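Below is one structure, written out as structure tokens, with a few remarks after it.
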Amino acid sequence: KLVGSVCFETNREAVATAVQRVAGMLQRSDQLDKVEQYRRREARKKGSVEARLKAAIQSQLDGVRTGLTQLHNALCDVKDIQNSLADVSKDWRQSINTIENLKDVKDAVVQHSQLASAVENLKNIFSVPEIVKETHELIERGELLQAHRRLMDLECSRDDLMYEQYRMDSRNAHDMNLIRAYFDHVQGLSDELAKQLWLVIQRTLVTVRRDPTLLVSAMRVIEREEKIDRRMLDRKRQTGFIPPGRPKAWKNRMNEVLEGTVSARIESTQSETRDSDKMWLVRLLELTRKYVLDDLVVVKNLVVQCFPPHYNTFQLFFDLYRCALSARVQELTTEKLEANEIVSLLTWVLNTYQSVEMMGHPDLQPECDIKQLEPLLPQEVVDRLLSEYMKTFTSNITGWLRKALETDKKDWQRDTEPEADQDGYYQTTLPAIVFQMFEQNLQVAAQISEEFKEEVLKLCLKQMTSFLVRYRDEVVAYKEEHLKDRQLPQFYVQYMIAIINNCQTFKESINSLKRKYSHSTDPTPNDAAIEKTLSEVAKEGCQFLLDEVFLDLENHLNDLLTRKWLTGCHAVDTICVTVEDYFNDFAKIKKPYNQEMTAEAHRRVVVEYLKAVVQKRITFKNAEERKDGAERMIKEAEQFSFLFKKLSGEDTDWLCGSITAIAEVFKLTDPSLLFLEVSTLVSKYPDIRSEHIVALLAVRGDASRDMRQTIVETLNQSKPSISTRSSPVFRDITVPTIATMTAMAVPKLLK
């Protein structure tokens, strides 16, 4: 029913499709004339489809027929095999008794095999003593291949007999021992031959140049033994029997001999100790480098040709030398190395080892790839050595700096002037010694690594910071000692100048070191401390020299603005001559310190002069004295201005103009105009205080108390602000009180 329903449905769909197609063909009236043509065309299509359908069905039927035939044939074959297996099973059951009856035949076959082996080796068995003797002679003559050939014959005879005995009766130890005893000398010959082989292998690098044939023979013998070892091991896996002395594993033994030879070669480079030669380690490392390079070149060019290709000979020797080197340098690290020895060792391990002078040498390329080299020392060992070096270096550099400073201090006491550089500036050897020391250690550190060089530079700068603090203390002590007796040391001024110049040299040298040995431009914590300390040392040195100048000027400064001065003393002339004389020496101070020192000397001279004015050492009695004093002050201001302009080459009117301005106050003849003149003074020098004005008016001598009070009060009400552009002149000048003046006068009276 289901099939009928499907067929009915299919027919209905076919009729509907046909109707639709016919309707599509006959949509116009003119198409009715072509009905017959359409019918024939559709008939042809139908015939074609039916033909293809029949062909497909026929093909399927042929395939089914073939499959059925093959299945039938397979079934017949299975039945035949089943019958054959049944026949085999029946025959096997019937032949069990027959096989048991053939045991005697089997034993006879085994015995025949043993006898055949014995007959085959009979000649060798009877000639064993003779062959042993010949083999021994061949070994002594160095004919290794012939000796090994006879040894193989002896071993083959022995092994075959023992194998047959093992097959016949593996538990019969008596017969086994009998065979082993008869061939007892064979093992001795094997050991003797091996001994000769190891001598040749030990002298590989020499033998390959003198008699490469001997080395090739030794390698052929080892290769033969390796093949026999493999064959014997295969037979052991099959039968359980292995001849005595097998496996010989001569290839492994060869590797052990080569390893010992390479280790001995590396260890032989040390011919001296620290006690006999301070450069023992440098010599040892250089010899090691030369030996390793020469040996590997020989291996690459000669030895490789004598070894079998599958031995990978160059890599074998390369690994042996690397392991021996690693063991040797690790052994050296366990010794108590000095700082320079640590640097030499690390430089060799981290740089020389991989350089073109050793493993990167062109003669070793391309077999030796330095990019694949393993480090000779573990990183923790390298870090430990670097840490030890830094500790030792820190201790050493502290001692070196201390000794350098002590030497420089001794130079300060010399009876000769300090040396001058090419520009004529005084200097001592301290900066050169210190920075030569730093430079040498940084060059050494740079050989190890860039990172380590940066660490050493940081340590140098850190030590420099501490050193400069000590340097400053020693300079102060030098000045204090000089003040106890100003005649000693003889060249105190010159050496103080050299100390000031050293500060500038230190700055330049530090900057040079940082540019040369540091890739970082960022300031370090030590930079500010070093800069500050050097500036303080230089500034204090300049101050000490100026103190020296003003100690010599003290008496002459005390004569200023006194009755003696008014009557015509030459205090200012002496001051100018003395200052100029000192500054002839100060010209050997480097910039910018000489300029700063000249400016400070100028300021101090003017301030001391103004102090003499406000200390009221003199009170003018009349207009004539005021005129004479004012004119003298103007003249002396011009002298100061000329002197310091000559020394500095800069404008000096500002400071010296304060003396001239005060002189104008003194010179004024009409007291009613005092307020205007004082106002002019205050406008030029706004840092002047009321007590200064009172003192000036007191020195003038004709201003009443009321006038002074009026002028001061009026000026206080309209006092201009202090300009930040001009340096203060009166700020550090104090006006002494009555008590202070009394205290200053008592010593003079007593004197």
Side-chain angles (χ1 to χ4, degrees), residues 412-418 425-426 475-501 537-589 593-615 617 632-633 635-648 652 655-656 659 732-734 744 747-748 751:
W412 297 349
Q413 307 295 332
R414 290 166 58 185
D415 294 334
T416 57
E417 289 186 354
Y425 297 116
Y426 285 138
V475 172
V476 173
Y478 181 53
K479 185 264 299 187
E480 297 293 341
E481 188 66 24
H482 169 71
L483 291 180
K484 295 177 182 178
D485 183 355
R486 293 187 61 219
Q487 301 301 316
L488 297 176
Q490 181 179 353
F491 293 97
Y492 167 79
V493 172
Q494 288 79 3
Y495 277 100
M496 188 60 72
I497 292 173
I499 289 170
I500 296 170
N501 290 336
V537 173
K539 184 176 180 180
E540 290 174 356
C542 293
Q543 194 68 34
F544 297 159
L545 289 177
L546 289 179
D547 290 344
E548 188 75 6
V549 174
F550 282 89
L551 283 173
D552 286 348
L553 297 179
E554 184 176 5
N555 292 332
H556 304 293
L557 292 172
N558 289 335
D559 287 340
L560 296 176
L561 273 294
T562 61
R563 285 291 166 184
K564 179 180 178 182
W565 167 80
L566 187 61
T567 57
C569 79
H570 302 286
V572 171
D573 295 336
T574 306
I575 290 171
C576 290
V577 171
T578 304
V579 169
E580 187 172 9
D581 182 57
Y582 268 105
F583 269 83
N584 286 333
D585 288 336
F586 296 166
K588 296 185 178 181
I589 298 177
Y593 303 126
N594 58 353
Q595 297 169 331
E596 295 173 358
M597 193 169 178
T598 304
E600 179 62 17
H602 184 195
R603 192 191 70 81
R604 284 185 64 173
V605 167
V606 172
V607 167
E608 291 296 329
Y609 197 100
L610 296 178
K611 283 182 180 179
V613 174
V614 300
Q615 285 175 0
R617 300 174 183 174
R632 190 173 185 85
M633 288 176 66
K635 177 184 176 183
E636 290 171 349
E638 292 174 352
Q639 285 181 267
F640 289 146
S641 180
F642 176 79
L643 171 65
F644 287 105
K645 189 171 185 178
K646 176 182 177 182
L647 295 177
S648 65
T652 59
L655 287 171
C656 295
I659 300 176
D732 299 327
I733 300 175
T734 58
M744 295 172 59
K748 293 183 179 180
K751 186 175 180 180

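FYI, side chains are in, hydrogens and waters are out, and symmetry mates aren't considered; it's all heavy atoms of this structure. Just so it is clear, the structure is predicted and the values come from calculations on it, not from any experiment.
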Taking the side chain as every heavy atom from C-beta outward, state whether L610 and V614 have any pair of such atoms under 4.5 Å apart.
-> no
How about W565 and E636: does a side-chain donor come under 3.5 Å of a side-chain acceptor?
-> yes
Gap between atom CD of E554 and atom CD of E608 - 0.5 Å precision = 9.0 Å
Side chain T598, main chain N594, donor-acceptor under 3.5 Å = yes
So V605 and F550, side chain to side chain contact (heavy atoms under 4.5 Å, CB included) or not? Walk me through it.
-> CA-CA 9 Å; V605 167; F550 282 89; 3.6 Å; yes
Excluding sequence neighbours, so at least two apart, what forms salt bridge (Lys or Arg N to Asp or Glu O under 4.0 Å) with R563?
-> E625
So which of R603, R604, K611 actually passes salt bridge (charged side-chain N to carboxylate O under 4.0 Å, His left out) with D732?
-> R603
With side chains defined as the heavy atoms from C-beta onward, is the minimum distance between I659 and V613 less than 4.5 Å?
-> no
Mind checking the CD1-CD spacing from I589 to E596? Nearest 0.5 Å is all I need.
-> 10.5 Å
Nearest-0.5 Å distance, OH of residue Y478 to CD of residue Q413 = 5.5 Å
Decide yes or no on side chain to side chain contact (heavy atoms under 4.5 Å, CB included) for L483 and K479, but give the supporting numbers first.
-> CA-CA 6 Å; L483 291 180; K479 185 264 299 187; 3.6 Å; yes
Partners of Y425 by side-chain hydrogen bond (donor to acceptor under 3.5 Å, both in side chains), sequence neighbours excluded?
-> none
Can you name the nearest heavy-atom pair linking L561 to A612, along with the distance?
-> CB-O, 3.8 Å
Heavy-atom closest contact (S641 atom, C656 atom, distance) | N-SG, 3.4 Å
In Å and rounded to the nearest 0.5 Å, what is the NE2 to CH2 distance from H482 to W412?
-> 14.0 Å
Nearest heavy-atom approach of A571 to D559 is CB-CB, 4.1 Å
Show your working on side chain to side chain contact (heavy atoms under 4.5 Å, CB included) between F644 and L655 and close with a plain yes or no.
-> CA-CA 10 Å; F644 287 105; L655 287 171; over 6 Å; no
NZ/NE/NH1/NH2 to OD/OE distance under 4.0 Å, R486 and E548 | yes
Going from CG on L566 to CZ on R632, what distance comes out if it is rounded to the nearest 0.5 angstrom?
-> 8.0 Å
D573: side chain to side chain contact (heavy atoms under 4.5 Å, CB included) partners, not counting sequence neighbours | H570, Q639
Please name the pair of heavy atoms, one in H556 and one in D552, separated by the smallest distance, quoted to 0.1 Å.
-> CD2-O, 3.7 Å
Only counting residues at least two apart or in another chain, list the ones meeting ring pair (Phe, Tyr, Trp, His ring centres under 6.0 Å) with Y609.
-> F640
Given side chain to side chain contact (heavy atoms under 4.5 Å, CB included), test F544 with V475 step by step and report yes or no.
-> CA-CA 10 Å; F544 297 159; V475 172; 4.0 Å; yes
Would you list the pairs meeting salt bridge (Lys or Arg N to Asp or Glu O under 4.0 Å) in which at least one residue belongs to residues 576-587, sequence neighbours left out?
-> E580-K646
List the atom pairs, with distances to 0.1 Å, where a side-chain N or O of residues 487-497 and a protein N or O form a donor-acceptor pair under 3.5 Å, not counting sequence neighbours.
residue	atom	partner	partner atom	Å
Y495	OH	D411	O	3.2
Y495	OH	T416	O	3.0

Has the side chain of R617 got a donor or acceptor atom that lies under 3.5 Å from a matching backbone atom of L560?
-> yes
Side-chain touch V579/L647, heavy atoms, less than 4.5 angstrom | yes
Salt bridge or not for E638 and K635, using N-O below 4.0 Å?
-> no
For A601 against F583, the heavy-atom pair lying closest together | CB-CZ, 3.5 Å
Roughly how far apart are L553 CG and C576 SG, rounded to 0.5 Å?
-> 9.5 Å
